Amino acid sequence: MTDARWTAVDAYFSDRLVPEDEALQAALRVSREAGLPPINVAPNQGKLLHLIAQIQGARRILEVGTLGGYSTIWLGRALPDDGHLVSLEADPRHADVARGNLAHAGLAGRTEVRLGPALDTLAALVEEGAEPFDLVFIDADKPNNPHYLEWALKLTRRGSVIIGDNVVRGGAVVDGDAADPTVRGVRDFLELMGRNPRLSATAVQTVGAKGYDGFSLARVIA
Ligand code: SAH
Ligand code: DHB
Ligand code: MG
């Protein structure tokens with residue numbers, strides 16, 4: 001479901017509020033030329049992630065699902081000079097493209113793309129005693145969202161923020177009988193979030209250039 005007006009309004013907002021520079025545009029161009037799917041966040045969503053990271057004062061950011069590094073650039077640019085971002089990606093081609101795009105954006109020193117299924121790389125982060133992350137952006141394979149939330153809780157502290165992308169599934173998220181594993185994954189993710197006394201959470205529906213979608217936002221409160 002998309003609407004020309006949603007796209008026009010996104011363009012209107014972005015033209016005024018979300019200047020995209022050469023590095024962001026290059027990241028999308030290079031990703032497209034490499035044949036990556038165009039499922040990056042929209043520019044105004046990327047800017048929202050950037051602003052939330054800054055409001056949060058995030059020094060350490062964890063992303064699950066890098067693709068070509070478009071959202072990674074928005075998040076990485078919110079970090080102070082001594083900040084660090086780890087982004088997890090299973091597809092070696094995506095990871096390669098993302099590393100190039102991050103280097104081109106001048107973020108090679110502050111960002112790290114770890115290759116492998118996120119369930120493995122998340123376990124490795126815990127195993128190596130990684131310091132808590134201040135913000136986690138979950139945006140990979142949706143069936144694993146409940147697991148990603150559990151790992152995120154091991155890798156955060158009181159006050160950390162956990163954001164989940166694409167929680168609407170075209171509205172199918174309300175369908176308790178859904179067979180679609182992405183719907184089931186998102187439902188279980190939201191259910192866990194609502195039940196967990198360590199989290200205070202909400203979710204918001206959105207429309208825009210990427211159609212009808214939405215995101216969840218949670219704060220670790222204990
Ligand atoms: N955050 C990106 C978009 C990510 S798209 C942006 O907004 O710019 C989802 C990404 O998750 C894809 O690159 C896909 O290869 C990756 N992915 C899928 N399954 C994964 C898994 N099990 N572990 C890690 N990454 C995975
Ligand atoms: C898909 C994945 C995403 O993370 C997204 O933002 C949009 C679409 C997908 O797998 O189709
Ligand atoms: Mg997404």
Side-chain angles (χ1 to χ4, degrees), residues 1-2 10 18 20 23-32 34-50 52-53 61-78 85-102 104-105 107 111-125 135-152 162-173 180-183 185-186 189 203-217:
M1 188 189 356
T2 57
D10 254 9
V18 191
E20 269 201 289
L24 283 162
Q25 285 166 0
L28 292 182
R29 187 182 65 249
V30 169
S31 298
R32 186 172 58 243
L36 272 51
I39 57 175
N40 51 274
V41 293
N44 51 346
Q45 296 169 334
K47 181 76 178 281
L48 177 65
L49 293 172
H50 175 86
I52 291 171
I61 296 176
L62 175 63
E63 177 177 65
V64 186
T66 318
L67 192 64
Y70 182 77
S71 55
T72 323
I73 294 174
W74 278 113
L75 287 166
R77 283 180 171 176
L85 180 153
V86 178
S87 188
L88 310 178
E89 175 55 53
D91 186 315
R93 238 166 26 90
H94 297 187
D96 254 13
V97 170
R99 288 183 185 121
N101 286 335
L102 289 163
H104 184 69
L107 290 169
T111 59
E112 174 192 352
V113 179
R114 292 202 182 187
L115 179 63
L119 290 178
D120 296 349
T121 47
L122 286 162
L125 279 167
L135 185 152
V136 181
F137 179 48
I138 299 175
D139 190 23
D141 49 329
K142 311 311 175 197
N144 275 322
N145 265 21
H147 303 299
Y148 296 152
L149 181 63
E150 298 288 4
W151 284 111
I162 301 172
I163 301 169
D165 198 20
N166 314 121
V167 297
V168 170
R169 318 313 306 167
V173 69
D180 180 342
T182 68
V183 174
V186 165
F189 174 69
V204 172
Q205 302 180 69
T206 58
V207 294
K210 300 273 166 173
Y212 171 44
D213 210 329
F215 63 91
S216 62
L217 175 69

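All of these numbers come straight from a predicted model, not from anything done at the bench. Because only heavy atoms are used, hydrogens play no part in the values below, and waters and symmetry mates are left out as well, while side chains stay in. Order of listing sets the numbers, starting from 1, for every ligand and every atom in it.
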remark   = Nearest non-hydrogen protein atom to atom 11 (O) of ligand 2, with distance, is Ile39 CG2, 4.1 Å

task = Give the contacting part of Val41 toward ligand 2: side chain, backbone, both or neither, where contact means a heavy-atom distance below 4.0 Å.
result = neither

note = For Glu89 and Ala95, the nearest pair of non-hydrogen atoms, with its separation, is CG-N, 3.8 Å

query = Is there a heavy atom of Tyr148 sitting under 4.0 angstrom from any atom of ligand 1?
reply = yes

request  = Please say which of Val64, Asp141, Leu119, Leu122 ends up in a side chain to side chain contact (heavy atoms under 4.5 Å, CB included) with His147.
outcome  = Leu119

Which residue and heavy atom of the protein sit nearest atom 7 (O) of ligand 1, plus the separation = Val41 N, 2.9 Å

Selected option - heavy-atom contact closest to atom 14 (C) of ligand 1, from Arg93, His147, Glu89 = Glu89

Nearest-neighbour protein heavy atom for atom 21 (C) of ligand 1, which is reported as residue plus atom name and distance = Asp141 OD1, 3.4 Å

inquiry  = Any nitrogen or oxygen of Ala140, side chain or backbone, less than 3.5 Å from one on ligand 1?
reply    = no

key: Lys210, portion touching ligand 2 at heavy-atom distance under 4.0 Å   = neither

key: For Asp165, atoms of ligand 2 separated by under 4.0 Å from a heavy atom   = 6 (O)

request  = Would you check whether Asn144 has a nitrogen or oxygen atom less than 3.5 angstrom from a nitrogen or oxygen atom of ligand 1?
outcome  = no

note = Quick look: Asn166 vs ligand 2, heavy-atom contacts under 4.0 Å, and the answer is side chain

request  = Answer yes or no: does an N/O atom from Asn40 fall short of 3.5 Å to an N/O atom of ligand 1?
outcome  = no

query = Checking side chain to side chain contact (heavy atoms under 4.5 Å, CB included) for the pair Val173/Gln205: CA distance, chi angles, key distance, verdict?
reply = CA-CA 11 Å; Val173 69; Gln205 302 180 69; over 6 Å; no

message = Polar contacts were defined as any N/O atom of the residue lying under 3.5 Å from an N/O atom of the ligand; does this apply to Phe137 and ligand 1?
response = no

query = Hey, is ligand 1 close enough to Ala118 that some N/O pair sits below 3.5 Å?
reply = yes

task = Answer with side chain, backbone, both or neither: which part of Leu119 has a heavy atom less than 4.0 angstrom from an atom of ligand 1?
result = neither

ask   = When rounded to the nearest 0.5 angstrom, what distance separates CZ in Phe137 from CG in Leu75?
value = 7.0 Å

query = Just wondering, do Leu36 and Arg93 contact through their side chains at under 4.5 Å, heavy atoms?
reply = yes

query = In the protein, which heavy atom is nearest to atom 25 (N) of ligand 1, and how far is it?
reply = Ala90 N, 3.2 Å

task = Determine yes or no for a side-chain-to-main-chain donor-acceptor pair under 3.5 angstrom, with Arg99 supplying the side chain and Val113 the backbone.
result = yes

Those atoms of ligand 2 less than 4.0 Å from some heavy atom in Asp139 = 3 (C), 4 (O)

Which atom of Asp165 approaches the Mg ion (ligand 3) most closely (N/O/S) = OD2

ask   = Glu63 near ligand 1, heavy-atom distance under 4.0 Å?
value = yes

ask   = Which protein non-hydrogen atom lies closest to atom 5 (S) of ligand 1, naming both residue and atom, and how far is it?
value = Ile39 CD1, 3.6 Å

Value rounded to 0.5 Å, distance of CG in Leu48 from CD1 in Ile163 = 7.0 Å

request  = Could you pull out the atom name of the N/O/S atom in Asp139 that is nearest the Mg ion (ligand 3)?
outcome  = OD1

query = What residue and heavy atom of the protein are closest to atom 2 (C) of ligand 1, and at what distance?
reply = Ser71 OG, 3.3 Å

Residue pair Asn44, Asp10: steps toward the side chain to side chain contact (heavy atoms under 4.5 Å, CB included) verdict = CA-CA 7 Å; Asn44 51 346; Asp10 254 9; 2.7 Å; yes

